[in-house]
Amino acid sequence: MRFAILGAGMSGILSAIKLRAAGFDDFTIYEKSDRIGGTWRENTYPGIACDVPSHLYSYSFEPNPEWSHRFSPGSEIQAYFEGVARRHGVTPRICFGAEVVSGEFSGGRWHLETKDGRRDDVDVVIAATGVLHHPNIPSIEGLDRFGGALFHSARWDHAVKLEGRRVGVVGTGSTAVQIVSAIVDRVAKLSLFQRTAQWIMPQENPAYSEAHRAEFRRRPEKLHQLRADTAQLFAAFSNGLVDMNSPQMKMIEDACRANLEQNVRDPVLREKLRPNYRAACKRLVMSFDFYPALQKPNAELVTEGIERVELDGVRTRDGRLHELDVLVLATGFRVDRFMRPMQVIGREGLRLDTVWAQRPSAYLSISIPGFPNLFMLNGPNGPVGNFSLIEVAELQIGYVMQLVELLRAGRCREISPSTEATQRFETERTEAARKTIWSSGCRSWYLDDRGVPMSWPWTFDRFREEMAAPKLEAYELS
Ligand code: NAP
């Protein structure tokens, strides 16, 4: 059997390792860029780190005693993935600079084509193309007329000097919060354009000392224990997210409120920073230094709406011009794309763009009726709310490998979920989503076009159970 893996980020590297471990050696990873790493290759903005503790945000089979911090910086995470890919012999299997632009299923195989005209015929496609991948460029009037440097947070221009300059940041998500804290001391003036206030969970980021790291190297069981303990803590938190009335949500709200009350001195600023929705309704932002950064004399929180961007800066609705040299759009991502803009054509000419015209969906986040032998990791409706996406992808690839075994064993040549099972899943999922904290009344990237959270609405334990073994009655085998 021949496989194609789309994307050489965290889940593409994982897929290659698991295919090899199962004895499948005929595969290519197609990567549109010239480097592995996905999110961690693309996001290099100042202050970037992962807010899942590093010892949990690691492959279970590749613990890393060398993490420098509880939440290690992005460059370390990128180096970790490069090291894992090298050690597992994945790197030579990657076809770099090869963006797969189309895939058509016919005659029992997937026929792929890359932008530069390469073709490949494979039995199975694993789409590991990521979620937070396509920058969301806001439709603010005049963006193209700005005279200074302008870029999205995921396209950071390191050639642009920040020292001594007037820098504006649009957005108050996890990205903007990290950027603001990291650059405030470097710039002459920082203007943060806030459309919606955020709850901020105070979270310290202690460094691991050399003694700690030596201990982890010497005693791997300690590392395993730390990972298990962290996973348990996260599970308790994430199980709380799916019930807006859970005690965990109350604790988080109390901690965020206390952070605001105790750590923002000026009552006017405090009120500007006070959200009018429940904590964790949007993706919970973790930071210890955001409030201190905003209280520095060169920082300004701008809550007046943006009217337009002009040659010299940002004009807000009160008529004021905020003069800027650099404008950073920390405005998030288009999260409904997944493997698109690739043209995907399934059985009998069925187009993914048609099936997903309203919104993306998939059975258990992994596969789509009419698109046999195509499996997604971190696809639509998966658990994306403050979990370790590595753990999610590991569970998903374990599930996918069980489906692939059916193909290898000759139980079938094509496998895809039935329309009924997928519709049932979708109905149950949207019903369960009403109880989650993401439904409690705020705007966020978790919500689809109907305002329904598109994330996995049940506990992580339930996800683990679902991923343990496919229920074959949900599938069409032919
Ligand atoms: P985000 O959470 O989607 O935030 C986008 C921000 O841009 C929001 O504050 C939004 O305002 C604002 N915005 C969008 N369009 C706007 C417009 N036209 N005018 C004014 N403001 C506008 O994006 P993100 O911060 O890049 O984070 C995305 C996700 O990436 C996170 O939720 C997280 O899952 C992940 N991430 C994680 C980490 C970490 O591990 N620490 C770091 C970065 C990112 P509204 O709130 O009003 O919509």
Side-chain angles (χ1 to χ4, degrees), residues 49-57 69-71 132 171-178 180-181 194-206 228-264 269-294 332 382-389 391-392 432-447 451-464:
C50 182
D51 61 9
V52 175
S54 299
H55 287 290
L56 186 58
Y57 194 79
H69 287 77
R70 182 184 292 163
F71 305 99
L132 299 161
T172 50
S174 307
T175 301
V177 164
Q178 290 180 337
V180 164
S181 308
Q194 168 185 291
R195 185 166 69 179
T196 312
Q198 282 279 6
W199 286 112
I200 308 288
M201 182 79 177
Q203 185 67 262
E204 281 188 87
N205 187 14
D229 293 348
T230 315
Q232 205 174 13
L233 245 158
F234 253 65
F237 162 60
S238 47
N239 289 346
L241 290 167
V242 296
D243 175 6
M244 63 173 93
N245 298 317
S246 63
Q248 292 98 311
M249 290 305 96
K250 169 96 176 63
M251 274 168 57
I252 285 172
E253 203 150 298
D254 289 348
C256 290
R257 187 171 294 112
N259 187 26
L260 179 66
E261 303 297 349
Q262 290 160 18
N263 295 318
V264 181
L269 180 64
R270 197 185 306 138
E271 290 321 303
K272 285 182 172 180
L273 285 168
R274 190 185 299 279
N276 60 0
Y277 56 88
R278 293 191 54 191
C281 180
K282 285 171 177 285
R283 155 94 180 203
L284 191 61
V285 176
M286 323 261 186
S287 179
F288 211 64
D289 41 16
F290 177 62
Y291 286 156
L294 275 183
V384 290
N386 291 74
F387 301 95
S388 164
L389 285 193
E391 205 180 352
V392 171
R434 289 169 202 251
K435 276 181 58 201
T436 65
I437 191 73
W438 312 304
S439 280
S440 62
C442 66
R443 168 177 49 198
S444 82
W445 67 263
Y446 288 145
L447 303 180
V452 174
M454 53 186 188
S455 183
W456 181 261
W458 299 288
T459 62
F460 199 71
D461 295 337
R462 173 155 171 183
F463 179 70
R464 201 185 293 280

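For reference, positions follow the sequence shown, starting with 1. The structure displayed is predicted, hence computed values, not measured ones.
- Residues Gln248 and Asn239 approach most closely at NE2-C, 4.3 Å, considering heavy atoms.
- A donor-acceptor pair is defined here as one N or O able to donate and one able to accept, closer than 3.5 Å; no such pair exists between the side chain of Tyr57 and the backbone of Leu389.
- A search for ring pair (Phe, Tyr, Trp, His ring centres under 6.0 Å) contacts involving Phe463 returns Trp456, Phe460, not counting sequence neighbours.
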Checklist entry - Going through the distances and angles, do Thr436 and Tyr446 end up as a side-chain contact (heavy atoms from CB on, under 4.5 Å)? => result CA-CA 11 Å; Thr436 65; Tyr446 288 145; over 6 Å; no
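- Rounding to the nearest 0.5 Å places SG of Cys50 at 14.0 Å from NE2 of His69.
- Judged by distance alone, with hydrogens and angles left aside, the side-chain atoms of Glu253 form no donor-acceptor pair with the main-chain N or O of Arg278 at under 3.5 Å.
- For Arg70 and Glu204, the salt-bridge test fails: no basic side-chain N is under 4.0 Å from an acidic carboxylate O.
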Compile the donor-acceptor pairs under 3.5 Å between side chains in residues 254-262 and protein atoms, sequence neighbours left out, one pair per line.
from: Asp254; atom 1: OD1; to: Lys250; atom 2: NZ; distance (Å): 3.3
from: Asp254; atom 1: OD2; to: Lys250; atom 2: NZ; distance (Å): 2.9
from: Asn259; atom 1: OD1; to: Asn263; atom 2: ND2; distance (Å): 2.7
from: Asn259; atom 1: ND2; to: Ile200; atom 2: O; distance (Å): 2.9
from: Glu261; atom 1: OE2; to: Arg274; atom 2: NH1; distance (Å): 2.9
from: Glu261; atom 1: OE2; to: Arg274; atom 2: NH2; distance (Å): 3.0

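- Under a cut-off of 6.0 angstrom, the local environment of NZ in Lys272 is crowded, with over 12 non-hydrogen atoms contributed by other residues, nucleotides or ligands.
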Next on the checklist: The test is side-chain contact (heavy atoms from CB on, under 4.5 Å); show your working for Phe71 and Gln203 and say whether it passes.
Outcome noted: CA-CA 10 Å; Phe71 305 99; Gln203 185 67 262; 3.4 Å; yes
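- Here the side chain of Glu391 pairs no donor or acceptor atom with the backbone of Leu56 at under 3.5 angstrom.
- Looking only at side-chain heavy atoms (C-beta outward), Leu273 and Tyr291 come within less than 4.5 Å of each other.
- Under the rule for a side chain to side chain contact (heavy atoms under 4.5 Å, CB included), Pro247 has no partner lying at least two apart in sequence or in another chain.
- Rounding to the nearest 0.5 Å gives a distance of 12.5 Å between CH2 of Trp199 and CD1 of Ile252.
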Next on the checklist: Checking Met249 against Leu241 for the side-chain contact (heavy atoms from CB on, under 4.5 Å) test, could you report, in this order, the C-alpha distance in whole Å, the side-chain angles of both residues, the deciding distance, and whether it holds?
Outcome noted: CA-CA 7 Å; Met249 290 305 96; Leu241 290 167; 3.9 Å; yes
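- Side-chain atoms of Gln198 come within 3.5 Å of backbone N or O of Thr172 as a donor-acceptor pair.
- Asn205 is not listed as a side-chain neighbour of Phe288, based on a closest heavy-atom distance of 4.5 Å or more.
- Checked by atom type and distance alone, the side chain of Ser439 pairs as donor or acceptor with a backbone atom of Ala433 at under 3.5 Å.
- Counting only heavy atoms from C-beta outward, the side chains of Pro53 and His55 never approach each other to under 4.5 Å.
- When atom types are taken as modelled, the side chain of Asp289 and the backbone of Ser181 share no donor-acceptor pair closer than 3.5 angstrom.
- In this structure, the side chain of Thr175 does not engage the main chain of Gly332 through any donor-acceptor pair within 3.5 Å.
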Next on the checklist: With side-chain contact (heavy atoms from CB on, under 4.5 Å) as the criterion, how do Ser388 and Phe234 come out once you've worked through the C-alpha distance, each side chain's angles and the decisive distance to 0.1 Å?
Outcome noted: CA-CA 9 Å; Ser388 164; Phe234 253 65; 6.0 Å; no
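- Nearest approach of Pro457 to Trp438, heavy atoms of both residues: CA-CZ3, 4.4 Å.
- Nearest heavy-atom pair, Leu294 versus Leu269, reported as atom, atom and distance to 0.1 Å: O-CD2, 4.3 Å.
- Here the closest heavy-atom approach between residue Tyr277 and residue Ala197 is recorded as OH-O, 2.5 Å.
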